[in-house]
S.K.: 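Please see the structure below; I have some questions.
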Amino acid sequence: MRRLLAARLAEEQAAHRLPSVAAGLVRGGELVWSAGRGRIGGTSGPVPDADVQYRAGSITKTFIAVAVLRLRDEGRVDLSDPVGRHVTDAGGAGGLTVGQLLSHTSGLRAETAGPWWERTAGSPFEALAAQSLGPGALRLPPGWQFHYSNVGYALLGELVARLRGGPWYDVIADELLAPLHMTRTTVRPQPPHATGFAVHPHADLLLPEPEHDAEAMAPAGQLWTTIADLARWAGFLAGTGPSRGTLLDPATLAEMRRPVAIFDEPDQPWDLGYGLGLQLWNSGGRRSYGHTGSMPGFTAVLRIDAATGDAAIKLSNSTTPSSGPVFAADLLRILAENDPPERPEWTAAGVARDALDLVGTWYWGPMAFLVSVVAGPGRAGRAAGPGRADGAAGPGRADGAAGPGRADGAAGPGGAAGPAGAAGAGVGSVLEFRAAGSGSLAHRFRQSGDGIWTGLDGYFAGEPLRPVRGEDGRVVALDLASHTYTRLPYDVAAPVPGGVDPRGWRG
């Protein structure tokens with residue numbers, strides 16, 4: 001496998017004429033392979049290893065998004081809040097919601113009023129607001145469509161700074177980088193680091209690119225980082241690293257991976273979307289998430305397989321159209337084909353006792369459905385894992401349209417605890433509801449108290465499922481958003497809406 005990975009890395013460096021490139025693969029939150037090609041100084045310096053810094057570019061946005069969502073989970077801010085409530089000098093952008101800015105659905109301008117911020121010295125937020133957040137700052141109606149906005153993440157960085165009472169980098173350094181031991185992720189380069197270059201399009205020549213402090217625009221793409229540090233970050237985002245569940249609620253991580261907007265190309269299936277601070281890829285139904293990044297002289301990509309949590313990373317020092325997502329997908333494919341991950345060992349687990357009254361076959365009219373119960377958060381594809389790219393849907397839309405609820409529609413981080421089950425307490429039991437014989441993904445429901453279950457995804461997200469009991473206390477029907485499911489097709493003993501023909505089935 002290592003020879004295949006090395007050959008793919010060599011092809012990437014030579015075909016795209018990269019002065020240097022470093023790459024890595026992550027499994028279970030650990031860096032399991034890394035390598036480099038070229039020279040970090042262009043024609044001089046060492047071959048890059050996992051500890052050499054490159055510019056992360058817009059991968060910086062993933063850190064800002066996590067910092068904002070930590071504030072949300074603490075109750076300090078809501079995704080439906082207008083950003084002007086917290087950044088009072090946001091000007092013409094003040095009415096845009098925090099969720100819209102996180103998901104690039106605000107309609108805010110993509111770039112500053114000029115000059116191009118990535119190649120010129122930065123300015124304080126006051127200057128950015130005066131020049132780029134005036135009445136003409138909106139390019140599209142808020143919430144209308146995906147429109148990438150670097151300026152939007154500058155606003156979110158300022159929000160983090162004001163609510164935490166310190167510079168945005170200090171916040172992420174204290175809250176994220178230090179706990180994850182990401183000691184080589186900084187706002188300015190620290191040796192050993194690569195030098196950024198432009199490669200002449202028609203000759204094998206290099207031109208050094210400028211580097212500076214972007215100041216107010218820094219939250220959109222300022223960070224420098226390494227393969228080793230991004231491996232730790234990938235483990236955190238996938239929920240597979242040693243920090244699992246400690247820095248951000250797993251439900252919030254799943255919320256970040258839920259598609260909020262897609263990059264819509266006419267006559268094409270969607271293959272690129274955006275959640276809350278994360279880019280989403282859909283390759284023939286296989287989902288992955290992460291982010292790309294570019295700054296003058298540098299490109300980067302972090303791509304995490306949603307089914308396995310495996311991640312691929314690429315960092316290079318050339319101003320060139322990025323092939324990073326394709327390269328990362330190739331590395332993940334080589335890993336999966338030559339060292340497939342083992343599925344977690346199955347073990348018996350307690351489930352809520354009253355959930356056992358609901359399992360088995362139910363009928364919606366003549367159509368059969370199977371209901372099963374699993375312990376814990378579950379997932380629609382049956383196997384437990386680090387979380388699907390679609391995450392858990394529910395009433396808390398990222399664009400703020402439906403108010404402050406959490407995106408998974410849950411009553412709390414772990415779901416409501418049910419009565420003691422046959423093999424344990426049954427905390428967090430999840431019902432999986434699927435059409436019999438279809439092989440389709442299941443709708444999932446989590447206990448939310450008083451015997452009611454709440455939908456987590458798909459058509460029934462946020463909708464209540466209520467068991468209907470007969471006079472003897474047995475469950476005779478399931479009321480799901482006014483749809484009635486019975487133990488027999490059109491069961492005359494159950495409260496079927498509109499009743500059942502008293503003559504019953506006939507030939």
Side-chain angles (χ1 to χ4, degrees), residues 58 61-62 64-69 71-73 76-112 128-129 132-160 219-220 252 254-266 268-282 289 291 389-409 457-459 461-463:
S58 287
K61 292 180 173 71
T62 65
I64 296 298
V66 170
V68 170
L69 289 169
L71 286 163
R72 192 284 304 273
D73 287 357
R76 301 280 303 280
V77 68
D78 195 88
L79 298 189
S80 62
D81 286 351
V83 70
R85 182 177 300 173
H86 307 284
V87 182
T88 55
D89 50 346
L96 305 175
T97 70
V98 174
Q100 288 169 344
L101 293 170
L102 281 170
S103 58
H104 295 293
T105 58
S106 69
L108 187 62
R109 67 189 315 151
E111 306 292 355
T112 64
L128 174 67
S132 301
L133 296 178
L138 293 187
R139 300 296 191 242
L140 297 170
W144 188 45
Q145 70 176 56
F146 177 75
H147 181 68
Y148 196 89
S149 175
N150 282 310
V151 177
Y153 268 77
L155 258 176
L156 291 173
E158 187 67 14
L159 179 147
V160 169
T252 302
E255 186 179 2
M256 294 179 70
R257 301 188 287 260
R258 173 180 170 246
V260 177
I262 60 170
F263 183 73
D264 187 29
E265 292 187 279
Q268 296 295 324
W270 84 268
D271 59 7
L272 179 63
Y274 211 87
L276 298 180
L278 292 177
Q279 287 177 328
L280 312 173
W281 293 277
N282 178 24
Y289 57 91
H291 219 289
D390 55 4
R397 285 174 50 96
D399 61 9
R406 293 186 59 86
D408 60 5
D457 39 33
Y459 185 81
E463 299 289 349

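What you see is a predicted model; the values in this text were computed from it and never measured.
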S.K.: Just by modelled atom types, is the Arg109 backbone N or O under 3.5 Å from a matching donor or acceptor in the Ser149 side chain?
M.R.: yes

S.K.: Is there a side-chain contact between Leu280 and Ile262, using heavy atoms and a 4.5 Å cut-off?
M.R.: no

S.K.: Checking Leu71 now: which residues fulfil side-chain contact (heavy atoms from CB on, under 4.5 Å) with it, not counting sequence neighbours?
M.R.: Glu74, Arg76, Val77, Leu159, Val160, Leu163, Arg164

S.K.: If we only count heavy atoms from C-beta on, is the Val66 to Met256 side-chain gap below 4.5 Å?
M.R.: yes

S.K.: State, with a plain yes or no, whether a side-chain heavy atom of Leu155 is found less than 4.5 Å away from one of Val151.
M.R.: no

S.K.: Could you state the interatomic distance from OH (Tyr274) to CZ (Arg258), rounded to the nearest 0.5 Å?
M.R.: 15.5 Å

S.K.: Taking side chain to side chain donor-acceptor pair (under 3.5 Å) as the definition, give me every residue that meets it alongside Gln145, ordered by chain and number, with sequence neighbours left out.
M.R.: none

S.K.: Mind checking what makes side chain to side chain donor-acceptor pair (under 3.5 Å) contact with Ser132, not counting sequence neighbours?
M.R.: none

S.K.: To the closest 0.5 Å, what do you measure between CD (Glu255) and CG (Leu276)?
M.R.: 5.5 Å

S.K.: Tell me, please, which residues at least two apart from His86 pass side chain to side chain donor-acceptor pair (under 3.5 Å).
M.R.: Asp81

S.K.: Can you list everything that forms a ring-ring contact (aromatic ring centres under 6.0 Å, His included) with Tyr148? Sequence neighbours excluded, please.
M.R.: His104

S.K.: To the nearest 0.5 Å, what is the distance between CG on Leu108 and CG on Leu101?
M.R.: 6.5 Å

S.K.: Considering only heavy atoms from C-beta outward, does the side chain of Asp78 approach that of Val98 to under 4.5 Å?
M.R.: no

S.K.: Got a sec, which residues hit side chain to side chain donor-acceptor pair (under 3.5 Å) with Glu158, two or more places apart in sequence or on another chain?
M.R.: Arg162

S.K.: Are the side chains of Leu138 and Leu96 in touch, meaning some heavy atoms are under 4.5 Å apart?
M.R.: yes

S.K.: If we ignore hydrogens and angles and just use 3.5 Å, is the side chain of Thr97 paired with the main-chain N or O of Gln100 as donor and acceptor?
M.R.: yes

S.K.: Please say whether more than 12 non-hydrogen atoms of neighbouring residues, nucleotides or ligands are located less than 6.0 Å from CH2 in Trp144.
M.R.: no

